[in-house]
*Asks:* 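There's a structure below that I have some questions on.
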Amino acid sequence: MTIQQRYQFIIDYFQEHAPNAETELIYDNPYQLLVAVILSAQCTDKRVNMTTPAIFARYPDPEALAKAEVDDVFQLIRSISYPNNKAKHLVGMAKMLVGQFHGQVPLTVDELVTLPGVGRKTANVITSVVDNQPNMAVDTHVFRVAARIGLTRNARTPLAAEKQLVSHFPEALIHKAHHWLILHGRYVCLARSPKCEECGVQPACLYFQKQLRAAKT
DNA sequence: ATCCCGAGGG
DNA sequence: CCCTCTGGAT
């Protein structure tokens with residue numbers, strides 16, 4: 001199977017099995033999504049969604065969050081991973097939105113990554129979800145799953161993987177493919193012990209083919 | 001014990 | 001490149 005055929009298999013498979021893959025984060029506007037994505041690092045979306053309503057109620061916009069005491073924000077998010085860092089990042093991020101971006105969330109990756117707490121992965125999520133830009137956020141799931149299947153070759157960094165994925169997936173499907181690979185990584189292609197025996201991607205997966213050959217000898 | 005849709009700093 | 005941050009669910 002060529003790499004193009006592998007991509008096509010993945011597209012066909014997930015179009016059929018997960019046609020509506022989307023983020024589970026709850027938000028109403030770019031500012032809320034930005035807050036939610038910053039909080040989501042090393043944390044389940046469900047837990048993020050449990051804390052964001054209180055944050056959005058108390059700090060409805062960047063102006064309000066910019067004036068917040070870091071410790072007050074900390075109290076609101078203390079049940080989430082890394083509450084100290086994230087509280088600091090959220091307030092710093094809001095201050096920069098007000099000071100540098102007229103209180104609006106910028107919608108370019110280059111501008112977004114200048115915000116505290118916002119790295120390339122977060123910037124790609126925001127621009128693709130909010131503005132439908134053909135950007136691929138590569139987190140640990142996407143990185144691992146893409147490498148195993150063979151959608152990326154010799155990609156040693158998330159950025160290298162991102163470029164390969166973006167160049168192979170049709171532009172209109174990049175956003176969806178991100179969620180496909182995350183879902184697959186979360187429920188089937190687990191980090192430690194992938195559930196290959198129940199995986200529908202087997203025919204297109206280099207990792208599975210390799211296991212198969214190893215078992216025969 | 002191990003895992004969750006990372007980012008910043010050394 | 002490595003380390004740290006750090007809480008809750010399973």
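Here is the naming used below: chain letters follow the sequence lines, and residue numbers restart at 1 for every chain.
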*Asks:* Measure the distance between the ring centre of A:Tyr82 and the centre of the six-membered base ring of C:dC5, then answer whether it is under 5.5 Å with planes under 30°.
*Replies:* yes

*Asks:* Rounded to whole Å, please give me the gap between CG in A:Leu34 and P in B:dC5.
*Replies:*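 In whole Å, B:dC5 P and A:Leu34 CG are 19 Å from each other.
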
*Asks:* Write down the distance between CG (A:Leu39) and P (B:dC4), rounded to a whole number of angstrom.
*Replies:*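 Whole-Å distance recorded here is 19 Å.
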
*Asks:* A:Ile80 has an atom CD1; how far is it from atom P of B:dC4, in whole Å?
*Replies:* 17 Å

*Asks:* For the P atoms, the ones on B:dG10 and on C:dT6, what distance do you get once it is rounded to whole angstrom?
*Replies:* 16 Å

*Asks:* For A:Glu22, I'd like to know if atom CD has over 12 heavy atoms of other residues, nucleotides or ligands within 6.0 Å.
*Replies:*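 Yes.
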
*Asks:* Rounded to the Å, how far apart are A:Lys46 NZ and B:dC3 C1'?
*Replies:* 15 Å

*Asks:* Nearest whole angstrom, please: distance from the C1' of C:dC5 to the CZ of A:Phe74.
*Replies:*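 Distance check: A:Phe74 CZ to C:dC5 C1' gives 12 Å.
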
*Asks:* May I ask you to list the residues of residues 129-140 of chain A, by number, that have any heavy atom positioned under 4.0 Å from an atom of DNA chain B?
*Replies:*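 Hits under 4.0 Å, by residue number: A:Asp139, A:Thr140.
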
*Asks:* Report yes or no: does A:His184 contribute a side-chain atom to a donor-acceptor pair with the main-chain N or O of A:Trp180 at less than 3.5 Å?
*Replies:*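 Such a contact is absent between A:His184 side chain and A:Trp180 backbone.
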
*Asks:* Counting distance only, does the side-chain N/O of A:Gln32 pair as donor-acceptor with the main-chain N or O of A:Asp61 below 3.5 Å?
*Replies:* no

*Asks:* With heavy atoms under 4.0 Å as the rule, sort A:Arg78 into base, sugar-phosphate or nothing.
*Replies:* sugar-phosphate

*Asks:* Taking only the P atom of each, what is the distance from B:dC5 to C:dC5 in whole angstrom?
*Replies:*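 To the nearest whole Å, 23 Å.
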
*Asks:* Can you identify which nucleotide, out of B:dG8, B:dC3, B:dG6, has its nearest atom closest to the A:Ala41 side chain?
*Replies:* B:dG6

*Asks:* NA contact type, A:Leu115, heavy-atom cut-off 4.0 Å: base, sugar-phosphate, or nothing?
*Replies:* sugar-phosphate

*Asks:* Which part of the nucleic acid does A:Ile182 contact within heavy-atom distance under 4.0 Å: base, sugar-phosphate only, or nothing?
*Replies:*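 The residue A:Ile182 makes base contact.
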
*Asks:* Base, sugar-phosphate alone, or nothing: which one does A:Val125 contact when heavy atoms must sit under 4.0 Å apart?
*Replies:*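 The answer is nothing, as A:Val125 stays clear of every strand by at least 4.0 Å.
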
*Asks:* For A:Arg192 and for A:Asn85, locate the closest nucleotide of DNA chain B by heavy-atom distance; then report the residue assigned to the nucleotide nearer the 5' terminus.
*Replies:*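 Closest to the 5' end, via its nearest nucleotide, is A:Arg192.
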
*Asks:* Taking A:Gln164 for the side chain and A:Arg153 for the main chain, is one N or O donor matched with an acceptor at less than 3.5 Å?
*Replies:* yes

*Asks:* Any idea which of B:dC5, B:dA7, C:dT6 is nearest the A:Thr122 side chain?
*Replies:*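 Out of B:dC5, B:dA7, C:dT6, the nucleotide with an atom closest to A:Thr122's side chain is B:dA7.
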
*Asks:* Does B:dA7 have OP1 or OP2 under 4.0 Å away from a side-chain N or O of A:Arg120?
*Replies:*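 So the side-chain polar atoms of A:Arg120 never come under 4.0 Å of the phosphate oxygens OP1 or OP2 of B:dA7.
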
*Asks:* Pick base, sugar-phosphate or nothing for A:Ser81, based on heavy-atom distances below 4.0 Å to the nucleic acid.
*Replies:*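 Base: the residue A:Ser81, judged by heavy atoms under 4.0 Å, touches a nucleobase.
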
*Asks:* Give a yes or no on whether a donor-acceptor pair under 3.5 Å exists between the nucleobase atoms of B:dC5, that is its base, and the side chain of A:Lys121.
*Replies:*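 Counting by modelled atom types and ignoring angles, a donor-acceptor contact under 3.5 Å is found here.
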
*Asks:* Given atom NE2 of A:His178 and atom C1' of B:dG6, what is their separation to the nearest angstrom?
*Replies:* 12 Å

*Asks:* Rounded off to whole Å, could you give me the NE2-to-P distance for the A:His141 and B:dT2 pair?
*Replies:*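 In whole Å, B:dT2 P lies 17 Å from A:His141 NE2.
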
*Asks:* Please check the phosphate of B:dC4 (OP1 and OP2 only) for any side-chain N or O of A:Arg47 closer than 4.0 Å.
*Replies:*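 Checking A:Arg47 against B:dC4: no side-chain N or O falls below 4.0 Å of OP1 or OP2.
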
*Asks:* Rounding to an integer number of Å, can you tell me how far A:Glu22 CD sits from B:dC5 P?
*Replies:* 15 Å

*Asks:* Could you list the residues that satisfy salt bridge (Lys or Arg N to Asp or Glu O under 4.0 Å) with A:Glu24, not counting sequence neighbours?
*Replies:*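 Testing A:Glu24 for salt bridge (Lys or Arg N to Asp or Glu O under 4.0 Å), a comparison that skips the adjacent residues, returns A:Arg186.
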
*Asks:* Share the residues that join A:Val109 in a hydrophobic cluster, the rule being Ile, Leu, Val, Met, Phe, Trp or Tyr side chains under 4.5 Å apart at the heavy-atom level.
*Replies:* A:Val113

*Asks:* Is a side-chain donor or acceptor of A:Lys86 paired with a backbone partner of A:Ala41 at a separation under 3.5 angstrom?
*Replies:*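 Answer holds: yes.
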
*Asks:* Using OP1 and OP2 only, check whether a side-chain N or O of A:Asn84 sits under 4.0 Å from C:dT6.
*Replies:*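 Yes, because at least one side-chain N or O of A:Asn84 sits under 4.0 Å from OP1 or OP2 of C:dT6.
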
*Asks:* Keeping the roles fixed (side chain from A:Lys176, backbone from A:Pro19), state whether a donor-acceptor pair exists under 3.5 Å.
*Replies:*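 Flag set: sc A:Lys176 to bb A:Pro19 pair under 3.5 Å.
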
